[in-house]
Number of protein chains: 2
Amino acid sequence: MAANLGPKAAHFAMTIEPSFEDWLSIGRSSLFSKLDRQLVLSLLDDDSIATVAKGEKICRQNEPARHCHVVLAGLVKLVRQSPGGQEAVISIHGPSQTFMEADALSNGVYSTTEEAIIDSRILRIDAVTLREKIGANPPFALAMLASASVHLKVLLEHVEKLKSMTGPARLADFLLDLAAQRSGSAAFQLPYEKQLIASHLGMTPESFSRALGQLRGLGVRADRNKIEIEDIQRLRQFRDAR
Amino acid sequence: MAANLGPKAAHFAMTIEPSFEDWLSIGRSSLFSKLDRQLVLSLLDDDSIATVAKGEKICRQNEPARHCHVVLAGLVKLVRQSPGGQEAVISIHGPSQTFMEADALSNGVYSTTEEAIIDSRILRIDAVTLREKIGANPPFALAMLASASVHLKVLLEHVEKLKSMTGPARLADFLLDLAAQRSGSAAFQLPYEKQLIASHLGMTPESFSRALGQLRGLGVRADRNKIEIEDIQRLRQFRDAR
DNA sequence: TCATCACCTTAACAAAAATCAACCGCCACG
DNA sequence: CGTGGCGGTTGATTTTTGTTAAGGTGATGA
């Protein structure tokens with residue numbers, strides 16, 4: 001509800017009901033898209049929707065996992081820190097993507113820290129409620145499993161790429177993903193800061209910069225956060241060669 | 001392995017019934033340990049148990065995922081190959097570990113190739129049956145989710161380590177895992193070939209060898225595939241420093 | 001308007017890792 | 001017995017990447 005661009009802080013005082021856009025996001029998520037609206041509603045409670053400012057954390061690694069989350073709007077990064085204090089960006093989630101289901105379900109602690117990288121709206125689903133509903137609703141359980149399956153596959157690919165591709169090749173791969181075409185040329189914007197992409201691809205900002213410079217020789221023009229790829233196929237060839 | 005188990009082939013002419021050891025393996029697996037024996041039995045059919053020789057493949061990347069697998073005995077490596085033909089060992093599974101649930105459940109294709117690295121016994125569970133039983137048995141669904149959650153967490157850690165640790169540090173980490181102690185000294189055998197460990201850790205055999213050489217300076221002695229760690233804490237300190 | 005700051009880039013250097021090549025020891029096999 | 005192959009090691013070299021340091025550019029705010 002609420003006008004689709006209406007002042008959000010207005011009716012924040014009490015229960016926050018999902019807005020029209022929120023419902024769109026929920027509907028687009030692979031986890032909830034095929035589920036009954038009533039069921040989804042039953043998962044929500046008073047403080048289900050949180051507005052999170054850029055830089056704010058949604059949850060912290062090693063704290064008890066009491067919720068799973070769905071991005072309704074915005075962008076969230078999933079960061080993991082090692083005992084030695086190093087940080088690694090594991091993945092980045094946009095609207096309609098769920099995360100932390102696994103942690104919430106296994107009744108353990110969050111295995112990553114989540115942080116909004118732009119102002120975001122997050123749906124928080126209580127872990128206990130979630131477990132209940134899953135137990136009572138087999139199709140929901142299957143949807144959860146499918147969702148976990150997707151996450152697993154993404155991570156799998158990520159590992160593969162980290163192990164077998166050089167930095168520039170990983171960047172090429174990332175750009176090809178964004179272009180979402182199989183041939184011809186493409187132009188688009190980088191979805192977030194280069195530092196963040198660099199970290200996501202497992203390299204330093206400096207290496208990222210150099211990698212981008214290297215791709216220039218393959219028909220990739222970069223101005224600010226605008227990217228132009230002359231020849232998608234050529235870029236793919238480069239990627240596959242490493 | 002065939003000695004101390006009861007008469008098995010007696011009443012089921014064609015069916016291969018799990019041996020006593022097989023039941024032990026099944027019982028130890030996080031996926032099946034808490035489930036009713038009847039349910040587990042209902043998942044099996046005539047060709048559920050396969051004996052796989054070293055080097056044989058259990059399934060191939062991109063082929064339709066019609067089964068999920070449980071290692072009953074032996075060792076299996078999970079390999080992923082990129083479009084460019086590179087190979088990366090994603091993980092290695094021993095007895096009681098399940099894999100490919102995700103692919104089997106999402107009705108898609110295998111996202112990795114599986115290969116036995118020593119002679120092994122594998123339990124193959126039909127994907128359709130699996131989905132049926134999950135739909136009909138909520139606790140089973142939750143067990144599957146928990147299992148997926150564990151796999152997810154392992155991969156997450158793997159990504160983090162690949163991104164934030166040097167080769168020698170990853171090796172130290174691997175050895176500390178094997179030692180399974182928090183202090184003192186330890187001696188044990190490497191569970192499989194060094195090449196394989198190297199690939200699993202995301203480095204070449206040469207780098208592995210050199211990394212091992214580097215750890216020698218930290219009280220790690222290696223002879224053939226026997227490892228001795230003088231001081232676990234010292235090694236951990238080294239690992240955490242990178 | 002200027003100062004400041006965050007993001008990004010570049011360069012020079014150092015560290016880490018891959019590559020190329022040679023070699024050892026062991027074992028299976030003719 | 002040799003001999004070949006495989007797993008492993010080692011050395012020399014190159015490539016890749018991180019590090020350190022410096023500078024540039026655009027947005028923001030006093």
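Going from atom NZ of K54(A) over to atom P of dT28(D) covers 10 Å, rounded to whole Å. The separation between M165(A) atom CE and dA17(C) atom C1' is 18 Å, rounded to whole Å. Distance NZ (K194(A)) to C1' (dT9(C)): 9 Å, rounded to an integer number of Å. Straight-line distance from the CD atom of Q86(B) to the P atom of dT19(C): 8 Å, rounded to whole Å. To the nearest angstrom, P of dT9(C) lies 14 Å from CD of Q214(A). Rounded to a whole Å, the CG atom of L212(A) is 13 Å from the C1' atom of dT10(C). Atom CZ of F238(A) and atom C1' of dT16(D) are 12 Å apart (whole Å). The CG atom of L162(B) sits 11 Å away from the P atom of dA18(C) (whole-angstrom rounding).
Counting only residues at least two apart or on different chains, the salt bridge (charged side-chain N to carboxylate O under 4.0 Å, His left out) pairs with a member in residues 186-203 of chain A are K54(A)-E193(A).
R221(A) meets the salt bridge (charged side-chain N to carboxylate O under 4.0 Å, His left out) test with no other residue; sequence neighbours excluded. Taking the side chain to side chain donor-acceptor pair (under 3.5 Å) definition, one finds that E160(A) meets it with R80(B), sequence neighbours left out. Annotation: side chain to side chain donor-acceptor pair (under 3.5 Å) contacts of Q97(B) (sequence neighbours excluded): none. Scanning for side chain to side chain donor-acceptor pair (under 3.5 Å) contacts around T166(B) gives R242(B), with sequence neighbours left out. Among residues two or more places apart in sequence or in another chain, the salt bridge (charged side-chain N to carboxylate O under 4.0 Å, His left out) test is passed with R239(B) by D173(B). With sequence neighbours excluded, the residues that form a side chain to side chain donor-acceptor pair (under 3.5 Å) with S91(B) are H93(B).
Side-chain contact between L31(B) and V70(B) is absent, with no heavy-atom pair separated by less than 4.5 Å.
Of the charged side-chain nitrogens involved, at least one lies within less than 4.0 Å of a carboxylate oxygen, so that K161(B) and E157(B) count as a salt-bridged pair.
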Check nucleotides 18-22 of chain D for protein N or O atoms closer than 3.5 Å to its own N or O atoms and list the pairs.
unit_1  : atom_1 : unit_2  : atom_2 : d
dG18(D) : OP2    : T204(A) : N      : 3.4
dG18(D) : OP2    : S207(A) : OG     : 2.7
dG18(D) : N7     : R210(A) : NH2    : 3.2
dT19(D) : O4     : R210(A) : NH2    : 3.0
dT20(D) : O4     : E206(A) : OE2    : 3.3

Identify all pairs in which a protein N or O lies below 3.5 Å from an N or O of nucleotides 22-27 of chain C, and state each distance.
none

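Each of Q195(B) and R216(B) was matched to the nucleotide of DNA chain D holding its nearest heavy atom; the match closer to the 5' end belongs to Q195(B).
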